[in-house]
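Notes follow the structure.
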Amino acid sequence: MCGIFGVYNLPGDANAFRQRALFLSKKLRHRGPDWSGCTVAGNHILCHERLAIVGVESGAQPLTNDDETLILSVNGEIYNHNALRKMCAEGTHFKTQSDCEVILHLYKTMGADVVKHLDGMFSWILLDTKKNRIVAARDPIGITTLYQGWNSKQPGTIYFSSELKALNEECDRIIAFPPGHVFDSETGLTTRYFEPTWWDGEKIPSNPVDYKLIRESLEKAVRKRLMSEVPYGVLLSGGLDSSLIASIAARETQKIISGTGPLNKDGDDVDSSAVASWPRLHSFSIGLEGSPDLAAARVAADFLKTVHHEYTFTVQDGLDAIADVVYHLETYDVTTIRASTPMYLLSRKIKAMGVKMVLSGEGADEIFGGYLYFHAAPSADDLHTETVSRVKNLHYADCLRANKSTMAWGVEARVPFLDKAFLEVAMNVDPKEKMSFKGKMEKHILRKAFDTSADPTAQPYLPDSILWRQKEQFSDGVGYGWIDSLKDTALVKVSDEEFAKAAERWPQDTPQTKEAYWYREVFEQWYPQAACTESVVRWIPRGDWGCPADPSGRAQKVHDSAYDKNAPQA
């Protein structure tokens with residue numbers, strides 16, 4: 001993953017803006033510390049800050065075709081790039097080993113529709129100088145980040161950037177570019193290209209649960225994400241989601257080493273160069289001293305035989321990082337900041353070890369109704385509609401957290417649960433199967449899909465204590481004292497008088513707690529421009545389901561009380 005910046009249709013020669021563009025692009029260099037690139041064409045300019053993971057020696061960007069009439073700046077990974085190369089015109093000349101170059105060549109025959117054929121996580125800007133056309137696109141769920149901006153003093157000029165911080169001084173309107181959409185300057189329209197069968201949340205699926213299909217679909221999703229030429233690892237909190245990803249990754253890594261691994265769906269072997277130098281899978285966890293996650297991660301890592309790296313942080317370490325976390329996240333959402341702070345600290349440790357890519361477990365709670373507030377769903381239909389809404393809005397919360405917390409230190413997080421094919425399977429299961437209540441744990445069908453207890457000859461994926469561990473939101477699992485300390489600190493930082501005037505200061509999206517007030521104030525210090533708040537959406541449980549407004553899982557009535565969390569369920 002990388003950082004991209006571009007401006008289309010500047011007033012006058014873009015060369016006059018080049019130094020300013022380089023300055024703005026430099027604000028993204030934490031995302032891509034390996035190399036920088038800048039290409040000017042007429043009154044357009046594209047910049048790139050590179051994190052080299054695939055095509056390490058030859059994939060510098062912006063990429064161009066042979067006659068340099070097409071210019072491309074990409075952030076992300078295209079997992080099916082080898083299969084797509086076979087779709088290019090005979091005799092197509094590839095200048096690099098980059099997985100992203102195929103976009104350039106397929107654009108020549110498909111135009112903007114090339115985005116419909118991509119399997120991966122990506123945001124990209126493509127400039128067609130012959131047509132004076134720019135095309136920009138973002139991956140289906142918004143795993144990568146992309147912003148679009150305008151300046152009212154420059155009608156017709158459009159800005160793009162991986163992060164808000166490169167636009168806030170230039171634009172008076174900034175939006176989060178919608179996931180699953182493509183912008184085409186020829187029409188001036190931003191249209192949705194991602195059209196899965198489950199997109200309409202009011203259309204309730206009725207497919208019976210197929211445990212084998214769920215298991216095999218997730219295994220394929222993990223396998224394709226092992227595409228790497230650099231050492232990789234897994235984030236391991238000890239919860240169900242990250243532990244399943246770690247388990248599958250450990251199995252697939254061993255298959256790569258032994259040469260027995262199956263081919264990807266498109267017929268491409270997973271690159272084995274990364275595991276050649278680091279043959280055992282490395283796992284990483286973080287928490288306060290004595291936290292639930294550290295203890296559980298230790299059990300999972302022991303079982304999976306990963307090389308495990310455990311880091312503890314203090315409350316003061318976390319508090320000291322809050323301002324930097326808000327700067328990198330570009331949000332004031334309470335739960336995102338709570339969870340991102342330990343992830344931000346852990347990512348720094350991971351980068352110090354020379355790791356550039358990690359697998360992570362985001363998305364499962366949204367897909368399977370895993371948050372504890374889902375226990376309060378009035379009906380299966382309501383649960384399904386809510387899961388669809390949560391998946392659609394992941395780019396404002398967990399995807400944003402996973403991307404920006406890790407990329408703050410030049411580490412790329414890949415999220416197998418958000419694989420397009422896996423989503424097609426999981427989001428079309430009858431939601432009655434996803435309902436949770438006393439005696440039936442949240443994400444029951446996911447747990448059951450990987451439960452091998454009925455087959456004594458099968459190698460278990462996880463110990464039962466992990467497979468059937470109750471949901472702990474990351475901000476809770478790192479140590480219950482973390483959220484309590486944030487709340488206590490906010491009481492000191494924000495006076496009663498200040499909080500009483502919160503609605504005067506922020507009439508829209510008014511903070512409802514002193515903790516939220518504190519984060520909003522820090523956000524405003526970094527991003528004082530009014531345009532910066534349009535891309536922020538707060539994550540809160542469903543109040544109309546009778547759920548507390550506090551997003552912490554511990555605030556939900558069922559936390560640690562509805563069942564014996566260690567007991568396997570039939």
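- Residues passing the side-chain contact (heavy atoms from CB on, under 4.5 Å) test with Thr533, sequence neighbours excluded: Tyr332, Arg520, Phe523.
- For Phe368, there are no ring pair (Phe, Tyr, Trp, His ring centres under 6.0 Å) partners at least two apart in sequence or on another chain.
- Between the side chain of Asn168 and the main chain of Gln529, no donor-acceptor pair closer than 3.5 Å is present.
- Here the side chain of Asp317 pairs a donor or acceptor atom with the backbone of Thr314 at under 3.5 angstrom.
- Side-chain N or O atoms of Asp451 include none that pairs as donor or acceptor with a backbone N or O of Arg447 at under 3.5 Å.
- Here the CZ-OG distance, from Arg298 to Ser285, works out to 7.5 Å after rounding to the nearest 0.5 Å.
- Atom CZ of Arg251 is surrounded by more than 12 heavy atoms from other residues, nucleotides or ligands within 6.0 Å.
- Contact check on Glu362 versus Arg401 returns a salt bridge, with a Lys/Arg side-chain nitrogen under 4.0 Å from an Asp/Glu carboxylate oxygen.
- Residues Glu498 and Arg505 are not paired through a salt bridge, judged by the lack of any N-O separation under 4.0 Å between the basic side chain and the carboxylate.
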Stepwise side chain to side chain contact (heavy atoms under 4.5 Å, CB included) check, Thr510 with Gln512:
CA-CA 6 Å; Thr510 305; Gln512 300 300 305; 4.0 Å; yes
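- Although no hydrogens or angles enter the test, the distance criterion places a donor-acceptor pair under 3.5 Å between the side chain of Trp409 and the main chain of Tyr344.
- Side chain of Asp34 to backbone of Ala52: a donor-acceptor contact under 3.5 angstrom is found.
- Electrostatic pairing of Arg469 and Asp293 counts as a salt bridge here, judged by a charged N lying under 4.0 Å from a carboxylate O.
- For the pair Lys27 and Glu169, the salt-bridge criterion is met [side-chain N within less than 4.0 Å of a carboxylate O].
- Heavy-atom contacts from other residues, nucleotides or ligands closer than 6.0 Å to NZ of Lys26 number 12 or fewer.
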Residue pair Leu51, Arg31: steps toward the side chain to side chain contact (heavy atoms under 4.5 Å, CB included) verdict | CA-CA 7 Å; Leu51 181 66; Arg31 298 182 64 88; over 6 Å; no
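- Panel note: side chain Arg414, backbone Arg225; a donor-acceptor pair is recorded below 3.5 Å.
- Under the 3.5 Å distance criterion, the side-chain polar atoms of Ser123 are left unmatched by any main-chain donor or acceptor of Asn75.
- Ring geometry for Trp482 against Phe313 counts as perpendicular: the plane angle is over 60°, on a 0 to 90° scale with 30° as the lower cut.
- More than 12 heavy atoms of other residues, nucleotides or ligands shown are found within 6.0 angstrom of NZ on Lys351.
- Salt-bridge annotation for Glu163 and Lys404: absent, with no side-chain N of the basic residue lying under 4.0 Å from a carboxylate O of the acidic one.
- Using modelled atom types, no side-chain atom of Arg29 and backbone atom of Ser25 make a donor-acceptor pair closer than 3.5 Å.
- Under the 3.5 Å distance criterion, the side-chain polar atoms of Lys493 are left unmatched by any main-chain donor or acceptor of Lys514.
- Ring orientation note: the planes of Trp545 and Phe374 are nearly perpendicular, at an angle over 60° on the 30°/60° scale.
- Electrostatic pairing of Glu216 and Lys220 does not count as a salt bridge here, judged by no charged N lying under 4.0 Å from a carboxylate O.
- Ser217 places no side-chain N or O within donor-acceptor distance of the main-chain N or O of Ile214, the cut-off being under 3.5 Å.
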